[in-house]
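Throughout, protein chains are lettered first and strands after them, A, B, ... in sequence-line order, and every chain is numbered starting at 1.
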There are 2 protein chains.
Amino acid sequence: MTKADTKTKLMNAAEHQVRQKGADGFSYSDLSAEVGIRKASIHYHFPAKSDLLTAIMARYAKEVLATLDGYADQIPTPREQLIAFIAFYRSALEEGRKLCLCVALTVGRDALAPETRQEISRFRDALQTWLQTRLEQLSCGTRTGNWVGDPQAIGAATLALVEGAQLAARSTADPARYDAATKCILDRLRQQ
Amino acid sequence: MTKADTKTKLMNAAEHQVRQKGADGFSYSDLSAEVGIRKASIHYHFPAKSDLLTAIMARYAKEVLATLDGYADQIPTPREQLIAFIAFYRSALEEGRKLCLCVALTVGRDALAPETRQEISRFRDALQTWLQTRLEQLSCGTRTGNWVGDPQAIGAATLALVEGAQLAARSTADPARYDAATKCILDRLRQQ
DNA sequence: GTCTATAACTCGATAGAC
DNA sequence: GTCTATCGAGTTATAGAC
């Protein structure tokens with residue numbers, strides 16, 4: 001675990017770069033410097049850049065969804081699970097310098113390979129389903145507490161909110177902007 | 001008005017390109033093809049690419065804020081002004097293929113010139129102030145209707161929501177995802 | 001698996017004619 | 001203002017030695 005193999009090191013470096021600078025913002029040369037391998041050697045592991053992007057997006061989706069499923073097991077109430085979700089997206093910022101991988105990739109969507117796009121779509125759908133399930137358990141659909149709307153609509157809004165809040169934080173490299181944008185929904189969850 | 005001068009044509013083309021592909025996703029070569037001028041000639045109008053990016057961001061901010069101030073004059077109630085704001089961000093999508101310019105630029109923020117970053121910050125602050133003013137007029141701070149929270153927090157959340165909703169639409173090039181993500185807040189505004 | 005070397009291309013930017 | 005011509009550096013990607 002302490003010494004990752006080269007392929008893993010490359011994926012770690014690539015994910016870091018994309019989330020900080022976007023898919024067009026880094027090159028094999030950057031990875032070469034970060035990992036300590038000649039840039040031509042990277043092509044042995046990932047023949048084309050699109051292969052690398054697809055691989056890191058697939059891994060990212062798997063890891064994030066595993067984390068969220070862990071919340072479902074370890075955290076007792078859907079209310080607290082949703083609070084943990086918002087905190088998780090907060091922690092992904094790392095001082096306001098990073099974004100969720102799928103946000104970082106979405107801006108340059110036109111230039112992505114079809115397989116990469118598909119990974120992004122699947123991930124977003126899975127995220128929204130996860131949120132929707134928790135919201136259904138809150139039975140907010142029947143206007144319990146101070147919620148309005150059906151779980152599907154609230155799920156879509158919640159996902160948009162945390163991604164938008166990440167952008168806000170990124171705009172001035174200040175995580176406090178994430179907190180400001182998510183204050184309302186967190187207060188509402190805590191009151192419930 | 002029908003025949004824009006070259007400088008304006010270049011800015012129009014650049015804005016279109018950035019909002020569709022990001023700052024790193026287009027080149028002077030693309031502009032050359034779109035406007036019908038040799039790429040070396042572009043440097044006469046905008047010596048460096050950063051000059052062009054700063055110019056289109058400044059123009060974008062001015063135009064959008066003028067539109068919103070127009071809403072304040074022409075639309076009677078703050079409630080309807082806010083609904084118009086959400087519709088405006090919807091119209092900016094253009095079939096799910098475009099983003100708000102400041103969202104498109106924020107991902108690659110690290111590589112932007114300081115002047116461009118400053119234009120983005122100023123614009124975001126002005127947007128949030130505009131939203132906050134409308135929300136104060138709704139007197140939602142005192143928990144009127146089914147709102148919760150103070151105008152400042154709701155303003156930050158609303159901005160994050162519409163920007164996140166644009167990303168959702170972009171993820172599958174489908175504007176319906178914008179509608180899904182903004183359904184809750186629109187319903188709440190309409191009920192009020 | 002990693003290396004050197006390089007092909008083939010695109011990028012932003014400049015010089016100077018007209 | 002727009003052009004041709006070009007520079008130097010960057011990019012992804014490949015070939016072949018070790």
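Counting any heavy atom pair closer than 4.0 Å across all strands shown, Ser41(B) reaches a base atom. Nucleic acid contact for Phe46(B): none, since no nucleic acid atom lies under 4.0 Å from a heavy atom of the residue. Tyr28(A) comes within 4.0 angstrom of sugar-phosphate atoms only, judged by non-hydrogen atoms across all strands, and of no base.
For the pair Thr6(B) and dG1(D), the criterion of a side-chain N or O lying under 4.0 Å from OP1 or OP2 is not met. Of the side-chain N and O atoms in Ser27(A), one or more sit less than 4.0 angstrom from OP1 or OP2 of dT11(D). Contact between the side-chain N/O atoms of Tyr44(B) and the OP1/OP2 oxygens of dG1(D) is found at a separation under 4.0 Å. Taking side-chain N and O atoms only, His45(A) has a distance below 4.0 Å to OP1 or OP2 of dT2(C).
By the 4.5 Å heavy-atom criterion applied to side chains, Glu119(B) and Tyr60(B) are not counted as neighbours.
The pair Glu15(A)-Arg59(A) counts as a salt bridge, with a side-chain nitrogen and a carboxylate oxygen less than 4.0 angstrom apart. With respect to Arg170(B) and Asp110(A), a salt bridge is recorded, a charged nitrogen being found less than 4.0 Å from a carboxylate O.
Because its NZ or CZ atom is both nearer than 6.0 Å to the ring centre of Phe26(B) and within 45° of the ring axis, Lys49(B) counts as a cation-pi partner of that residue. With Phe123(B) as the aromatic partner, Lys62(B) does not meet the cation-pi criteria of under 6.0 angstrom to the ring centre and within 45 degrees of the ring axis.
Within a 6.0 Å sphere centred on CD of Gln152(A), other residues, nucleotides and ligands contribute 12 heavy atoms or fewer.
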Might you list the N or O atoms of the protein lying below 3.5 Å from N or O atoms in nucleotides 15-18 of chain C, with each pair's distance?
none

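Taking the nucleotide of DNA chain C with the nearest heavy atom to each of Lys39(B) and Lys39(A), the more 5' of the two is matched to Lys39(A).
With rounding to whole Å, Asp5(A) atom CG is found 15 Å from dT2(C) atom C1'. If you measure from atom NE2 of His43(B) to atom P of dG1(D), you get 17 Å, rounded to the nearest angstrom.
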